[in-house]
Structure formats: C-alpha cells, structure tokens
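The next block holds one structure in the form of structure tokens; read it before the comments.
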Amino acid sequence: MRGEIHIGFLYQMMKRSKIKELLKSPPFGKEVLVKGWVRTKRGNRNIAFIALNDGSTINNIQIVVDTASFDDNLLKEISTGACIAVEGMLAESPGKGQNVEIQARKIEIYGKCDAETYPLQKKGHSMEFLREIAHLRFRTNTFGAVFRIRHAMAFAIHKYFNDRGFYYLHTPIITGSDCEGAGEMFHVTTLDLKNVPIDTDGEIDFSNDFFGKETNLTVSGQLEGELGALSLGEIYTFGPTFRAENSNTPRHLAEFWMIEPEMAFYDLNDNMDLAEDFLKYLIAYALENCTEDLQFLNDMIDRDLLGRLRFVLDNEFVRINYTEAVNILTTSGRKWEFPVGFGRDLQAEHERYLVETHFKRPVIITDYPKEIKAFYMKQNDDGRTVRAMDVLFPGIGEIIGGSQREEDYDKLKNRITELKLPEKDLWWYLDTRKFGTAPHSGFGLGFERMILFMTGMSNIRDVIPFPRTPKNAEF
RNA sequence: UCCUCAGUAGCUCAGUCGGUUAGAGCACCUGACUGUUAAUCAGGGGGUCCUAGGUUCAAGUCCUAGCUGGGGAGCCA
C-alpha cells in the first residue's frame with residue numbers, strides 16, 4: 001500500500017467535518033467529508049440540491065449533485081430524512097441563500113428513509129403532532145434549537161456555580177422521608193403489588209420491602225442539600241425531581257429537573273442577589289452562545305423573545321414583600337376572581353398582574369405569611385411571616401422559590417410539631433440545628449421553566465426530550 | 001381534578017338547514033424543466049369522518065357516555 005493512492009483508502013482516512021465548522025470561515029477548494037440527515041432535496045434532471053443537517057448547528061449545508069455522475073437509484077434514495085455521507089469539494093455558492101456548498105464527488109447512504117411513511121415533512125408541523133413523534137422531533141429546526149439551548153443552559157449552570165466555588169452535590173433520588181412537603185410522591189417498592197403484605201393494624205407492611213421502609217421518588221433535594229451546605233459552605237444540586245400531582249397544564253411535568261443552590265451564611269438578601277445574578281448570567285450566556293438558535297426561535301416561534309431576554313437582562317428585578325404586594329392588588333381597582341387579603345396565597349391572576357401589568361418586569365416577593373409556606377422557612381420577628389422569596393417571571397409565573405432557612409433548633413422543632421410533621425423522620429435535619437447551626441439560605445429553579453423562558457416555547461412538554469405527564473410515559 | 005374548545009386523507013383544515021358519489025392546500029408517486037432556496041408546472045393514488053350507543057326514511061353533521069389532545073384554573077418549580 002505504501003506510495004499507492006487508492007480512492008477507497010483516501011475516503012476511509014478523510015476526517016469528517018462538522019457542518020458548523022464548514023459554514024464559518026470556510027476553506028474553499030478543500031476536499032471535505034460531511035455526514036448528516038437530509039432535510040430537503042430539490043432540483044431537475046441535471047442537477048440536485050440537498051440540504052444536509054448534522055445537528056452541530058441549526059443551519060444546513062447545501063450539497064450540489066451533478067446527476068449525470070451518479071446512479072439514478074442512489075439519487076432516488078436520498079429523500080427527506082435519509083442519512084448520508086458526502087465527500088466533495090467545498091466551494092463558494094453562486095446561488096442566493098447560502099455562501100457555501102459542497103460539490104459532491106461521492107455519496108454513501110447510511111440509512112434510507114421511506115418518503116411515504118416518514119412523518120416529518122419539509123413544511124411546518126404543529127407542536128401537538130410533533131409531541132406524538134417525540135423520537136423524531138429532534139430532527140426539526142425548532143427542537144434542534146431548543147435542545148441545543150437546553151444543553152447550553154445545563155453547561156452554563158455548572159460553570160456559574162463552579163466559577164463561584166459552589167460544589168455540585170448529588171442528593172438522593174430515592175427518599176425515605178415523605179415530609180418534604182411539596183406534593184404527592186411516587187412510591188418506590190419491590191413488593192408484589194398483587195399480594196401486598198398487611199400488618200396487624202391493617203397497614204401495608206414495608207418491613208420486607210427493599211429498603212425495609214416506605215420509600216418514594218424525591219420531590220426536592222433541598223433538605224439533603226442543606227446538610228451539605230452546613231459544612232461545604234456553598235453547594236448546588238441539579239437533578240431530576242418527581243411530583244405525582246394530577247397537574248395538566250403547559251407548566252407542569254411529573255418528572256422535571258431542578259437546580260437547588262444552598263448557601264451557608266447567606267441571608268435572604270444574599271439569596272435574592274444570587275438568584276437575580278444567576279438568572280441574568282444564564283440569559284447572557286444564551287445570548288452569547290446560542291445566537292443562531294435564539295434568532296430562529298425569535299423568527300419562527302416568538303417575535304418578542306430576544307427583546308424580552310435583553311429587557312430582563314438589563315433591568316433590576318423589583319423586590320417587594322408580600323404585604324406590599326397585597327396592598328398593590330387591593331388598591332388596583334381590579335376585580336379579582338380569587339379574593340386578595342393577608343393570609344391568602346397569591347393566585348396566578350395576581351402574580352400576572354404584578355409582573356405583566358403593574359411593574360412590567362420580574363418581581364421578587366418576600367416575607368409571606370407562615371401559614372402558606374413550608375415548615376423550614378425562617379420565622380420573622382413579627383410572628384406571622386417567614387423569610388420566603390418567590391421570583392416571578394413574565395409569561396412563566398413562579399420560576400424560583402426559596403427562602404432563608406430556620407436555623408434555630410427550638411423554633412424549627414416547634415413548627416414541625418405545629419404542623420404535625422413526623423419528627424422521627426427529620427431527626428437528621430434537626431441535628432444540623434443542634435450541632436453548630438448556621439444561618440443559611442437557598443432556592444429552587446425549575447430547569448424546564450427556565451428553558452421555556454429562554455426559548456419562547458409555550459408548553460413545558462416541548463422543552464424536555466421525553467415529557468412525563470399524567471397518563472403519558474411514552475418513549 | 002374542575003371549566004372550556006376540538007377530534008374528517010400522512011399533515012393543516014373546510015364540509016351550508018341532517019340529504020344521496022366527503023373536499024382543498026401541503027406531503028407522497030409519475031412526468032416536464034440546465035443552479036434550486038418551503039423550487040416551479042401537469043397528472044395520479046390516498047378516508048374506521050376518535051370510539052360505543054341512540055334519534056331519524058336518512059348522521060361527518062343532532063343527542064348521551066367515554067377516550068385523546070389544546071387552552072384556562074387549582075396544586076407547584
């Protein structure tokens with residue numbers, strides 16, 4: 001073989017280029033090899049144009065085929081959705097619409113794609129239809145953009161925290177405590193569901209279950225996250241979370257991802273500062289690193305997307321306490337479907353009014369009545385409110401929920417007793433207040449809700465690859 | 001879970017007052033066209049009208065129940 005030039009050998013050795021690389025500062029005249037999926041093919045008897053996409057960018061590269069040089073049957077098999085490898089010369093494109101094209105010299109078909117049964121077409125599809133073919137929807141421009149942005153945001157989250165000395169802590173997905181207080185949980189068991197053991201009280205006997213006790217999928221990593229923060233200083237979790245609520249809305253999933261930073265020595269103001277800085281960092285990261293995908297979504301999905309992202313980035317969040325929020329709502333002159341008043345939780349219509357009508361920007365509401373918030377939130381001296389904070393975003397509603405945590409052992413224990421929570425399951429949580437307690441704070445960011453905001457998509461089922469919702473666990 | 005709207009070709013939809021053989025655009029197939037840009041032009045094939053009952057001489061159309069999906073609400077991130 002030495003010294004011998006063999007076409008097949010050359011082809012084997014040529015390194016595959018990603019389309020993203022070829023489209024920027026293209027080395028015209030160079031022989032290249034690309035591999036990807038056909039988006040469209042058009043042309044006439046003499047020439048064919050293939051738009052090829054390999055996922056590295058939303059943009060396609062144009063493959064120009066001189067039909068006389070290729071077998072008719074091969075060309076027929078290059079239909080929308082087919083996967084091919086193309087070797088050819090990279091050239092400046094004489095046509096309008098693209099600067100670069102590849103003049104094909106050799107084409108190999110990896111996977112044919114029957115045009116009659118392939119569900120994706122060149123034209124637009126409804127989101128509802130694409131959701132039914134979630135295994136193929138990655139191949140559309142919209143979902144390619146959404147999932148590239150989703151990746152970029154996941155990466156940026158880790159970078160943000162790592163750069164600031166936070167440690168990524170893996171809290172358990174299976175939990176033995178059902179007192180996290182965030183809704184219905186999914187049971188985890190190896191018991192035979194057709195023959196569940198019953199104890200003498202008529203209750204399910206979990207002693208022979210896998211863990212020897214009742215277990216569930218976690219609804220939050222917060223309580224365990226606090227344990228880490230009270231030694232490591234600043235930690236964050238980023239993992240899946242499960243809620244067995246029968247929620248059928250465009251903003252809820254039964255399985256979703258959540259980011260939960262937890263910081264020792266942070267008070268509520270530090271917590272708010274972090275939340276605002278964090279969200280703005282993510283927006284800035286997307287604007288800088290996902291430019292083309294965001295532009296596409298702005299053009300095709302939501303005309304106001306880029307403007308809204310820049311607006312949120314450039315403006316300070318409003319910070320008001322719950323009592324001030326209630327005053328604004330009661331003096332607004334509006335008629336509310338749900339009543340407003342101290343002690344009542346803010347409804348969607350109230351939050352929307354504050355964010356979208358009154359302030360017209362993100363709002364952080366703090367110091368809610370203790371009755372409508374979780375047991376672990378730090379109690380204020382007024383005896384009626386807690387150091388909670390909700391970050392409300394336009395179009396999304398609550399994107400972050402957090403608080404300063406109650407670090408006083410007695411106050412925390414009393415609250416647990418008041419709410420009749422199972423203290424025996426929380427002994428380890430209380431221990432951290434008994435042994436070297438510290439003021440600390442944290443919050444939870446719903447990852448998919450953030451992706452909704454970042455992409456302009458309107459249904460949360462379209463920003464997670466395979467959504468789990470009531471009555472739906474396909475794929 | 002509640003309220004509401006919808007379900008007709010592969011997709012998006014039209015279908016009159018209940019009336020006899022259910023349509024369009026796109027997609028697909030065939031052909032034409034020397035560089036296309038959601039290519040264009042001509043022709044062709046393609047239907048469990050969501051399911052089950054019911055009313056009627058006659059139901060895609062009206063009634064009842066259910067299923068699925070969208071939107072709104074609640075729960076929440």
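Small disclaimer: the values here were computed from a predicted structure and weren't measured. So you know, we letter chains A, B, ... as the sequences are listed, proteins then strands, and number each from 1.
- For A:Asp345, the listed nucleotide lying nearest its side chain is B:C76; candidates were B:G35, B:G74, B:C76.
- Candidate nucleotides B:A77, B:G70, B:C28 were compared by shortest atom distance to the side chain of A:Arg131, and B:G70 ranks first.
- Taking 4.0 Å as the cut-off between side-chain N and carboxylate O, A:Asp267 and A:Arg387 do not count as a salt-bridged pair.
- For B:A38, neither phosphate oxygen OP1 nor OP2 lies less than 4.0 angstrom from any side-chain nitrogen or oxygen of A:Arg39.
- Within the nucleic acid shown, A:Pro119 has no heavy atom closer than 4.0 Å to any nucleic acid atom.
- If you check every strand for non-hydrogen atoms under 4.0 Å, A:Leu253 touches a base.
- At the heavy-atom level, A:Ser93 lies under 4.0 Å from base atoms of the strands shown.
- The side chain of A:Ser247 has B:G74 as its nearest neighbour among B:U12, B:G74, B:A77.
- The side chain of A:Arg352 places an N or O atom within less than 4.0 Å of a non-bridging phosphate oxygen (OP1 or OP2) of B:A73.
- Judged by atom type and distance alone, A:Glu101 reaches the base of B:G35 through a side-chain donor-acceptor pair under 3.5 Å.
- Taking 4.0 angstrom as the limit, A:Asn459 places a side-chain polar atom (N or O) nearer than this to OP1 or OP2 of B:G71.
- The base of B:U1 sits within donor-acceptor range of the side chain of A:Asn248, with an N or O pair under 3.5 Å.
- No hydrogens or angles were tested; on distance alone, nothing pairs the side chain of A:His125 with the base of B:C11 as donor and acceptor under 3.5 Å.
- Comparing atom distances between the A:His252 side chain and each of B:G35, B:C11, B:G74 picks out B:G74 as nearest.
- Remark: A:Arg251 is in phosphate contact with B:A73, judged by side-chain N or O atoms under 4.0 Å from OP1 or OP2.
- Contacts of A:Glu128 with the nucleic acid, taken as non-hydrogen atoms under 4.0 Å apart, involve only primed sugar atoms and P, OP1 or OP2.
- Among A:Tyr281, A:Phe278, A:Tyr167, the single residue meeting the ring pair (Phe, Tyr, Trp, His ring centres under 6.0 Å) criterion with A:Phe161 is A:Phe278.
- Across all strands, A:Phe49 comes closer than 4.0 Å to base atoms (heavy-atom distances).
- Other residues, nucleotides and ligands place more than 12 heavy atoms under 6.0 Å from the CG atom of A:Asn472.
- If you check B:G35, B:U36, B:A77 against the side chain of A:Met258, the one that comes closest is B:A77.
- Note on A:Ala348: only backbone sugar-phosphate atoms sit closer than 4.0 angstrom, heavy atoms only; bases stay farther off.
- At the heavy-atom level, A:Phe338 lies under 4.0 Å from the strands shown only through sugar-phosphate atoms.
- Here A:Thr80 lies out of heavy-atom contact (under 4.0 Å) with every strand.
- Phosphate proximity of B:G69 to A:Arg461: absent, as no side-chain N or O sits under 4.0 Å from OP1 or OP2.
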Step-by-step side-chain hydrogen bond (donor to acceptor under 3.5 Å, both in side chains) determination, A:Glu260 to A:Ser220:
CA-CA 8 Å; A:Glu260 295 179 289; A:Ser220 165; 2.9 Å; yes

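- Relative to the side chain of A:Ser126, the nucleotides B:U36, B:A73, B:U12 differ in distance, and B:U12 lies closest.
- Here the side chain of A:Lys471 is nearest to one of B:U68, B:C75, B:C28, namely B:U68.
- Base contact: A:Gln62 has a heavy atom under 4.0 Å from a base atom.
- If you check every strand for non-hydrogen atoms under 4.0 Å, A:Ile399 touches sugar and phosphate atoms only.
- Using a distance-only test at 3.5 Å, with no hydrogens or angles considered, no donor-acceptor pair links the side chain of A:Asn216 to the main chain of A:Thr175.
- Side-chain nitrogen and oxygen atoms of A:Gln347 include at least one within less than 4.0 Å of the OP1 or OP2 phosphate oxygen of B:G74.
- Here A:Glu255 lies out of heavy-atom contact (under 4.0 Å) with every strand.
- When distances run from any side-chain atom of A:Gln98 to the nucleotides B:A77, B:U36, B:C11, the shortest one goes to B:U36.
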